[in-house]
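Below, chains carry the letters A, B, ... as their sequence lines are ordered, and counting in each starts from 1.
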Protein chains: 2
Amino acid sequence: MGIPKRQVSSTASSRIYDTLRQDLINGRFTAGEKVAISALKERYEIGLSPLREALNRLAAHGLLIQENQRGFRVPSMERSELDDIAEMRRELEGMALERAIRLGDAEWESELLAAAHRLKRADMAPDKVEEWEHFHACFHRTLVAPCGSAWLLRFIAQLHDQFDRYRRMAPEAPEVRRVLDAQHGELVELALERDIKSARALMDDHIQRSYQVALQGVLSPA
Amino acid sequence: MGIPKRQVSSTASSRIYDTLRQDLINGRFTAGEKVAISALKERYEIGLSPLREALNRLAAHGLLIQENQRGFRVPSMERSELDDIAEMRRELEGMALERAIRLGDAEWESELLAAAHRLKRADMAPDKVEEWEHFHACFHRTLVAPCGSAWLLRFIAQLHDQFDRYRRMAPEAPEVRRVLDAQHGELVELALERDIKSARALMDDHIQRSYQVALQGVLSPA
DNA sequence: TAATGATAAAAAATCGATTGTTTGGGCTAG
DNA sequence: CTAGCCCAAACAATCGATTTTTTATCATTA
């Protein structure tokens with residue numbers, strides 16, 4: 001009945017890719033450590049071929065470092081790299097937000113409101129963090145979605161993965177968290193009002209505060 | 001004697017990766033076409049495993065499109081995508097150039113002069129194109145190298161691969177080519193004079209002209 | 001005739017085993 | 001001692017064969 005939907009079959013490669021990506025972002029691997037391929041094989045109960053394909057993709061994405069003949073390493077976490085990532089986020093997301101505000105249509109406004117609402121409703125209880133993270137990523141993606149540049153969106157997504165790796169390592173900061181949550185709502189307001197200048201400024205501030213939080217993860221090694 | 005240099009042994013995967021990357025950029029595959037994996041296996045006389053690993057990396061890099069259970073396709077070439085790529089190059093390379101000029105030291109100045117000279121000396125005779133392309137890529141890389149952001153450089157490199165795929169498809173344009181070649185020298189001058197504003201403007205113009213050339217490849221299908 | 005379904009051929013993905021490289025430990029010569 | 005060398009164990013990379021999924025073909029039926 002209806003949609004001739006094409007079976008979205010997945011492969012072992014892409015499943016393990018998604019899993020490893022999450023686990024890398026969530027810091028389930030020690031930074032700087034070498035990844036023992038055969039250990040992963042056991043741990044995730046997966047064959048070598050799909051595993052290696054996933055590792056290759058992750059390396060191309062920057063979530064792993066590949067060295068010929070000696071496998072893969074988890075990138076180390078350096079303050080200087082976080083600085084770089086945050087600075088790039090400011091530049092690229094600022095650019096994207098400005099364009100999104102110029103180009104976004106009524107449909108975008110609706111989706112943005114919806115995404116913001118879902119995020120506000122989601123709670124951050126320890127067992128719900130994954131869900132919250134999902135809505136949070138969705139919100140930021142929706143915010144810049146109509147910027148008109150597929151490549152810009154791609155780069156921003158990559159930077160988010162990198163940034164989140166640091167952020168999730170950092171200790172909780174409820175004070176700042178409240179401010180950051182409030183800013184999500186304010187961003188929506190400014191976007192709907194098409195106030196480019198204020199929106200960019202707020203986005204800058206938002207990323208800067210997130211950066212300050214994430215920074216605690218690098219400064220105080222767990 | 002001297003450097004305890006580590007043997008930079010390569011793997012079948014990374015060799016075939018480099019080869020395929022070049023061939024994709026050089027338009028040796030029909031845009032939009034599905035890549036027949038077993039055909040590649042024969043053509044490049046390589047095993048399935050290293051081949052598939054290379055394809056996975058290329059897809060993560062954006063030089064191929066991967067679809068679960070139905071292999072890989074060569075991305076189609078659309079004017080709208082070239083527009084996007086060129087616009088992103090203007091933004092990101094402009095940003096990088098400004099920072100490079102601020103941060104670049106004396107050593108950079110030397111390398112930049114050297115790179116520009118090698119490029120000027122290289123000729124573009126049909127059988128030397130590869131060499132020219134190499135020096136050209138080197139020059140642009142050197143120009144922005146000291147921008148201070150590894151991620152920015154990474155994104156720019158990715159955009160260059162994409163852009164070149166269009167540019168190399170386009171018919172030759174000797175008139176414009178002369179202007180573009182001259183601009184390389186002018187870019188060095190402005191960089192050495194640390195004239196950020198003019199340098200950015202020139203870089204913008206340089207990319208814009210290259211874009212006009214590349215555009216001919218999309219408009220007039222070979 | 002157009003849609004449906006069965007089936008064969010083709011292609012992608014995965015597995016298990018093999019080959020090749022690196023690494024670490026112990027031995028020897030200086 | 002310690003630098004250099006050799007060997008074995010560990011690990012990464014690759015191969016060849018198998019399984020799974022898609023695609024193409026063709027008969028069947030509404």
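- Side-chain atoms of A:Val218 and A:Glu78, non-hydrogen and from C-beta on, never get closer than 4.5 Å to each other.
- Annotation: side-chain hydrogen bond (donor to acceptor under 3.5 Å, both in side chains) contacts involving residues 104-120 of chain B, sequence neighbours excluded, comprise B:Glu109-B:Arg194.
- Applying the side chain to side chain contact (heavy atoms under 4.5 Å, CB included) criterion to A:Asp18, with sequence neighbours excluded, gives no partner residue.
- Remark: A:Lys34, A:Val35, A:Ile37 in residues 29-39 of chain A come within less than 4.0 Å of DNA chain D through at least one heavy atom.
- For residues 29-46 of chain A, the side-chain hydrogen bond (donor to acceptor under 3.5 Å, both in side chains) pairs, not counting sequence neighbours, are A:Asp23-A:Tyr44.
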Between the protein and nucleotides 7-10 of chain C, list the N/O to N/O atom pairs that are separated by less than 3.5 angstrom.
none

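- Nucleotide C:dA11 holds its P atom 12 Å from the CD atom of B:Glu42, rounded to whole Å.
- In this view, B:Ala106 satisfies the side chain to side chain contact (heavy atoms under 4.5 Å, CB included) rule with no residue, not counting sequence neighbours.
- Listed by chain and number, the residues in a side-chain hydrogen bond (donor to acceptor under 3.5 Å, both in side chains) with B:Thr142 amount to none (sequence neighbours excluded).
- Checked against side chain to side chain contact (heavy atoms under 4.5 Å, CB included), A:Ile37 has the following partners two or more places apart in sequence or in another chain: A:Leu48, A:Leu51, A:Arg52, A:Leu55, A:Phe72.
- Atom pair B:Leu51:CG and C:dA13:P shows a separation of 11 Å (rounding to whole Å applied).
- The salt bridge (Lys or Arg N to Asp or Glu O under 4.0 Å) test applied to A:Arg102 returns A:Glu98, not counting sequence neighbours.
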Restricting both atoms to N or O, compile the protein contacts to nucleotides 14-18 of chain C shorter than 3.5 Å, with distance only.
{"from": "C:dT14", "atom 1": "OP1", "to": "A:Ala12", "atom 2": "N", "distance (Å)": "2.2"}
{"from": "C:dT14", "atom 1": "OP2", "to": "A:Ser13", "atom 2": "N", "distance (Å)": "3.4"}
{"from": "C:dT14", "atom 1": "OP2", "to": "A:Ser13", "atom 2": "OG", "distance (Å)": "3.0"}
{"from": "C:dC15", "atom 1": "OP2", "to": "A:Gly47", "atom 2": "N", "distance (Å)": "3.3"}
{"from": "C:dC15", "atom 1": "N4", "to": "A:Ser49", "atom 2": "OG", "distance (Å)": "3.1"}

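- Across the protein-nucleic acid pair, A:Tyr17 atom OH and C:dA13 atom P stand 16 Å apart, rounded to whole Å.
- Atom CD of A:Glu67 and atom C1' of D:dC11 are 14 Å apart (whole Å).
- In this structure, A:Asn68 atom CG and C:dG20 atom C1' are separated by 14 Å, rounded to whole Å.
- Under 3.5 Å, the side chains of A:Asn68 and B:Ser14 contain a donor-acceptor pair of N or O atoms.
- In this structure, B:Gln66 places its CD atom 15 Å from C1' of C:dA11, rounding to the nearest Å.
- OP1 or OP2 of D:dT23 lies within a sub-4.0 Å distance of a side-chain N or O belonging to B:Arg70.
- The side chain to side chain contact (heavy atoms under 4.5 Å, CB included) check on A:Ala173 picks up A:Val176, A:Val213, with sequence neighbours excluded.
- Listed by first and then second residue, the ring pair (Phe, Tyr, Trp, His ring centres under 6.0 Å) pairs involving residues 152-171 of chain B are A:Phe155-B:Phe155, B:His140-B:His160, B:Trp151-B:Phe155 (not counting sequence neighbours).
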